[in-house]
Amino acid sequence: MDYALPQGELDTLFAGPQSVGSEQRRDLVALILERLRQRFGERLLAVALYGSTARDSDGPYSDLELWAVLDDAAFGADFDESLEWVHGRGKAEVNLMSRSAVEAFAREVDEAWPISHGQFVHARALWIAPDHGALFETLRSLAAHPDDAAVERAMAEIVVGELYELVGKLRNRYARKPLALLAGEFAVHLACLVGLAERHVYASAGTMFDEAADLPGPDGAAELYRLVARGELGDEAVLVAALERAWTGVEAWAHEVALVEALQRRCVAGER
């Protein structure tokens with residue numbers, strides 16, 4: 001498909017992101033919206049901005065992130081395409097989805113739900129087609145109120161599929177994975193676990209650890225978030241102790257959030 005969107009040049013790519021003022025960035029958002037409306041006409045149902053620009057917290061090197069919803073008849077009910085390009089000074093991304101596909105994604109719950117669904121919960125509406133005024137609220141509601149059974153499965157998957165394995169690597173003296181990297185991965189998965197338990201969608205990956213620290217979570221979690229967020233990863237003894245404490249804290253916390261039954265199912269061969 002041909003998209004008449006703002007284009008960049010190859011020689012601008014390796015210069016890296018260049019400083020862009022807030023007003024310039026919002027002018028580009030307006031231009032992308034205009035081009036999308038021209039390209040899709042009546043098949044375009046809604047366009048939203050998400051990420052730091054939507055929250056008015058963007059910096060001079062921030063990317064642009066948008067999603068757009070198309071009528072199912074345009075390219076099929078399963079249509080899902082991401083346009084991501086360097087536009088000259090920075091990078092822009094537009095996620096194009098049919099209405100059926102976007103609603104299915106908003107309902108979806110996986111281990112990354114507390115991060116991935118911020119694009120709906122914290123989105124800023126840019127444009128909505130006539131007779132589709134409820135679409136934004138529909139997507140926000142679907143994203144913010146996940147199915148409880150799906151949340152439970154995702155939480156169990158994080159504990160068994162991610163945290164348990166990382167603790168094994170830790171106790172194996174992290175021979176195949178640098179300790180700092182292991183700690184970062186563990187902290188991200190733990191924050192997602194806590195976000196799922198509280199049905200909390202983080203505003204951004206950049207604010208995730210601060211937000212997670214304010215939520216009820218396992219003993220030791222907040223200290224691990226602090227070490228990772230501040231980059232205090234040089235003292236191996238401190239880092240190992242923090243990881244072990246957070247992992248130990250997950251057991252008691254799992255009882256508090258009634259996750260034990262779901263975890264028990266993951267301790268039986270073939271059951272999920």
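Computed over heavy atoms, backbone and side chain alike; hydrogens, waters and symmetry mates excluded. Positions are given from 1 along the sequence.
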Rounded distance (nearest 0.5 Å) linking atom CG of Leu49 with atom CG of Leu64: 7.0 Å
From CZ (Arg153) to CG (Leu196), nearest 0.5 Å: 12.0 Å
Fellow cluster residues of Val260, listed by chain then number, with links counted only when side-chain atoms sit under 4.5 Å apart: none
Side-chain touch Val47/Phe40, heavy atoms, less than 4.5 angstrom: no
Close side-chain approach of Leu179 and Leu243, heavy atoms under 4.5 Å: yes
Point-to-point distance, once rounded to the nearest 0.5 Å, from CG of Leu239 to CZ of Phe186: 11.0 Å
Flag side-chain contact, heavy atom, 4.5 Å: Asp80 against Leu96: no
Residue pair Val94, Ser82: steps toward the side chain to side chain contact (heavy atoms under 4.5 Å, CB included) verdict: CA-CA 6 Å; Val94 181; Ser82 179; over 6 Å; no
Polar side-chain atom of Glu162 near backbone of Val160 as donor-acceptor pair, under 3.5 Å: no
Non-hydrogen side-chain atoms of Tyr61 and Val20 separated by less than 4.5 Å: no
Nearest heavy-atom neighbours spanning Gly195 and Leu215: CA-CD1, 4.4 Å
Rounded distance (nearest 0.5 Å) linking atom OG of Ser62 with atom CZ of Arg55: 9.0 Å
Sequence neighbours excluded, every pair satisfying side-chain hydrogen bond (donor to acceptor under 3.5 Å, both in side chains) that has a member inside residues 104-131: Asp56-Arg124
Donor-acceptor contact below 3.5 Å, side chain Arg25 vs main chain Pro60: yes
Could you list the donor-acceptor pairs under 3.5 angstrom formed by side chains in residues 29-38, with sequence neighbours left out?
| residue | atom | partner | partner atom | Å |
| --- | --- | --- | --- | --- |
| Glu34 | OE2 | Gln38 | NE2 | 3.2 |
| Arg35 | NH1 | Ala4 | O | 2.7 |

Under 3.5 Å: donor-acceptor pair, side chain of Ser98, backbone of Asp72: no
Pair listing, salt bridge (Lys or Arg N to Asp or Glu O under 4.0 Å) test, anchored in residues 91-105, at least two apart: Asp63-Lys91, Glu84-Lys91, Arg99-Glu103
Pairs flagged by salt bridge (Lys or Arg N to Asp or Glu O under 4.0 Å) wherever residues 190-210 is involved - sequence neighbours left out: Asp148-Arg199
Contact summary for Gln18 and Gly16, nearest pair of heavy atoms: NE2-O, 2.8 Å
Heavy-atom closest contact (Ala246 atom, Pro218 atom, distance): O-CB, 4.1 Å
Student check: side-chain heavy atoms of Asn95 and Leu66 closer than 4.5 Å: no
Leu181: hydrophobic cluster co-members (side-chain, 4.5 Å): none
Trace of the side chain to side chain donor-acceptor pair (under 3.5 Å) decision for Ser141 with Thr138: CA-CA 5 Å; Ser141 181; Thr138 296; over 6 Å; no
Non-hydrogen atoms of Ala156 and Leu259 that approach each other most closely: N-CD1, 4.3 Å
Partner set under salt bridge (charged side-chain N to carboxylate O under 4.0 Å, His left out) for Glu211, not counting sequence neighbours: none
Val151-Leu142 co-clustered via ILVMFWY side chain contacts under 4.5 Å: no
Sub-4.5 Å side-chain heavy-atom contact between Leu224 and Trp247: no
Asp147, CG: over 12 other non-hydrogen atoms inside 6.0 angstrom: yes
Please tabulate, one pair per line, all N/O donor-acceptor pairs under 3.5 Å involving side-chain atoms of residues 248-258, not counting sequence neighbours.
| residue | atom | partner | partner atom | Å |
| --- | --- | --- | --- | --- |
| Thr248 | OG1 | Glu244 | O | 2.9 |

CE-CZ distance between Met155 and Arg266, expressed to the nearest 0.5 angstrom: 13.0 Å
Those residues that, when tested against Glu232, pass salt bridge (charged side-chain N to carboxylate O under 4.0 Å, His left out) (two or more places apart): Arg226
NZ/NE/NH1/NH2 to OD/OE distance under 4.0 Å, Arg265 and Glu152: yes
ILVMFWY cluster membership beyond Ile128 - transitive side-chain contacts under 4.5 angstrom: Leu45, Tyr50, Trp67, Val69, Met97, Val102, Phe105, Phe120, Leu135, Phe136, Leu139
Side chain to side chain, Leu44 and Asp71, heavy atoms closer than 4.5 Å: no
For Arg140, salt bridge (charged side-chain N to carboxylate O under 4.0 Å, His left out) partners two or more places apart: Glu137
Distance-minimising heavy-atom pair for Ala212 and Tyr202: CB-OH, 3.4 Å
Residue list, side chain to side chain donor-acceptor pair (under 3.5 Å) with Glu65, at least two apart or on another chain: none
CZ on Arg39 to CG on Leu70, rounded to 0.5 Å: 9.0 Å
